[in-house]
Amino acid sequence: MDLMKPLAVVVALLAVCAAAAEGFDINRDRTITVLAVANGDMGHLTSGHYSLGTIRHILELHVVADYYDEKKLKQLSHGATAASTLFQRSGFAPGMAGYVNITQHRGGKVTFIVDDAADSVKPVTFVKQIESHRYDYSVLQVSSVLSSPEAEAPVAPPAPVNLTDLLSKKYCKSFAGLLAADGKAFDTINGTKDTALTLFCPVDTAVASFLPKFKNLTAKAKTAILLYHAVPDYYSMQFLKSNKGKVTTLATTSVAKKDYTYEAQTEADTVTLDTTVTISTIQATVRDDDPLAVYAVSKFLQPKELFKSTTKDLAPAPTPEGPKKKTKKKPSRTSAAAAPSDDEAADGPSADDSVDDADKAAGAERSLLARWVTAAATLAAALALAA
């Protein structure tokens, strides 16, 4: 949804982030109303007095779990109603504290006030409708921030998490060792875990089977593939099972001109991650507690930027005439020794990132890679440009 209007609806944007961090991603709710507040009316919310956890609760009060546009506000049955908010659904709001009372007054004025607001608190007023998609979502400007003693209560910061210990105790000891040995990858992932991070760690058996290939990667490629397992956002298991689409990783933001994404989807209640090279499934939950989620996966995630995609392997089988023609041509011992098998080409690293275009092109010619020479040269050029 596009919230970037001339009016700076800061609360609307922050509410999206806060709700996602609490596991109530707005994009998963088909029907919502965001009560947005202009910059100049934010008041004490921007004073720095509240912790991040408290701010999340306050902002959740501004996301109503129902659809209201200007027309519906002016046609309220009996002139008033109580609407549930994401704060009420978060489990931190006792009783009716997470409900907002909406009241229509004479002359068309509409006000909002939290059910547990103090007697001295004045209701906030509906200003105007910013945007709406009927029965899906709407953004309404209100005069100021909603006040609630329960939402404004202090929230204790989460206990610090030792990422290495967490991985080592459950399923992912080998992957923890790879991370610990790569300072750049570890610092990047560890520095993200306290804000929003989802980490897909391969189980020990998956690391063991992939280790020979991992050792043949360059230092830059090793860092990239470790970051490829980390997502700079918090994805609860519920969210993963109810959504599908492209996943952006820390490698995406760390490696210039590279995609480093994969597709996440659910089949028969099993979450799969498809990199086009490998398809891995979530085997167990190591941790699922905002803002950190860690899931043990069945295979080491291999990006198409470093390994040959298996998409071509799914093409229809060649006609019978093809193999017969190939058997008539006997390659020399040199070319047969130099040409890799289909499996080796599919599973092995595509190129060394530290080699430039000219060197890789010349190397491809010298090695006589037969039908793979064009693909190898193309991949080499791409990797050299990113180096």
Side-chain angles (χ1 to χ4, degrees), residues 14 16-28 51-53 55-56 59 90 155-203 206-207 222-255 258-264 271-273 275 280-301 303:
L14 289 178
V16 174
C17 300
E22 291 288 344
F24 294 104
D25 190 338
I26 284 180
N27 291 323
R28 283 166 34 196
S51 67
L52 179 60
I55 291 176
R56 285 175 177 171
L59 293 178
S90 70
V155 176
V161 176
N162 186 310
L163 192 59
T164 303
D165 288 347
L166 177 65
L167 296 177
S168 298
K169 292 177 180 178
K170 293 186 177 181
Y171 311 107
C172 305
K173 184 176 181 179
S174 298
F175 187 74
L178 295 180
L179 275 181
D182 191 313
K184 182 177 180 181
F186 179 81
D187 290 344
T188 302
I189 294 175
N190 193 56
T192 311
K193 74 178 190 307
D194 294 326
T195 52
L197 176 70
T198 299
L199 182 63
F200 298 106
C201 65
V203 295
V207 174
K222 288 178 180 177
T223 299
I225 201 171
L226 291 175
L227 294 177
Y228 188 60
H229 289 74
V231 179
D233 203 347
Y234 166 68
Y235 291 154
S236 66
M237 179 58 75
Q238 180 184 2
F239 176 83
L240 289 171
K241 287 185 176 181
S242 59
N243 289 268
K244 63 179 181 178
K246 182 177 290 188
V247 176
T248 299
T249 68
L250 283 177
T252 306
T253 58
S254 301
V255 183
K258 294 291 183 179
D259 184 43
Y260 280 110
T261 63
Y262 39 84
E263 294 288 328
V271 179
T272 62
L273 307 174
T275 74
S280 185
T281 60
I282 293 181
Q283 301 291 295
T285 299
V286 178
R287 180 187 176 94
D288 184 0
D289 187 12
D290 170 46
L292 174 63
V294 181
Y295 304 105
V297 295
S298 61
K299 294 183 181 180
F300 213 101
L301 301 180

| field | With Thr188 via side chain to side chain donor-acceptor pair (under 3.5 Å) - residues at least two apart | value | none
| field | Derivation of the side chain to side chain contact (heavy atoms under 4.5 Å, CB included) call for Val161 and Arg287 | value | CA-CA 11 Å; Val161 176; Arg287 180 187 176 94; 3.6 Å; yes
| remark: By side-chain contact (heavy atoms from CB on, under 4.5 Å), Asp194 pairs with (sequence neighbours left out) none
| query | Can you name the side chain to side chain donor-acceptor pair (under 3.5 Å) partners of Thr275, sequence neighbours left out? | reply | Thr278
| message | Measuring from atom CZ of Phe239 to atom OG1 of Thr198, what distance do you get when rounded to the nearest 0.5 angstrom? | response | 9.0 Å
| query | Hey, what do you get for OH (Tyr171) to CG (Leu166), rounding to the nearest 0.5 Å? | reply | 11.5 Å
| query | Which distance, rounded to the nearest 0.5 Å, do you find between the CG of Leu301 and the SG of Cys201? | reply | 10.0 Å
| task | Tell me whether the centres of the aromatic rings in Tyr295 and Tyr235 are closer together than 6.0 Å. | result | no
| Which residue pairs pass the salt bridge (Lys or Arg N to Asp or Glu O under 4.0 Å) test when at least one of the two sits in residues 245-255, sequence neighbours left out? | none
| Residues which pass salt bridge (Lys or Arg N to Asp or Glu O under 4.0 Å) with Asp187, listed by chain and number, not counting sequence neighbours | none
| request: For the residue pair Asp288 and Tyr234, confirm or rule out a side-chain donor-acceptor distance under 3.5 Å. | output: yes
| query | Any side-chain heavy-atom pair from Leu226 and Phe175 closer than 4.5 angstrom? | reply | yes
| field | side chain to side chain contact (heavy atoms under 4.5 Å, CB included) between Val231 and Phe200, intermediate numbers included | value | CA-CA 8 Å; Val231 179; Phe200 298 106; 3.8 Å; yes
| query | At what distance, to the nearest 0.5 angstrom, does CG of Leu179 lie from CD1 of Ile189? | reply | 4.5 Å
| task | List in chain and number order the residues that pass side chain to side chain donor-acceptor pair (under 3.5 Å) with Ser168, two or more places apart in sequence or in another chain; answer none if no residue qualifies. | result | none
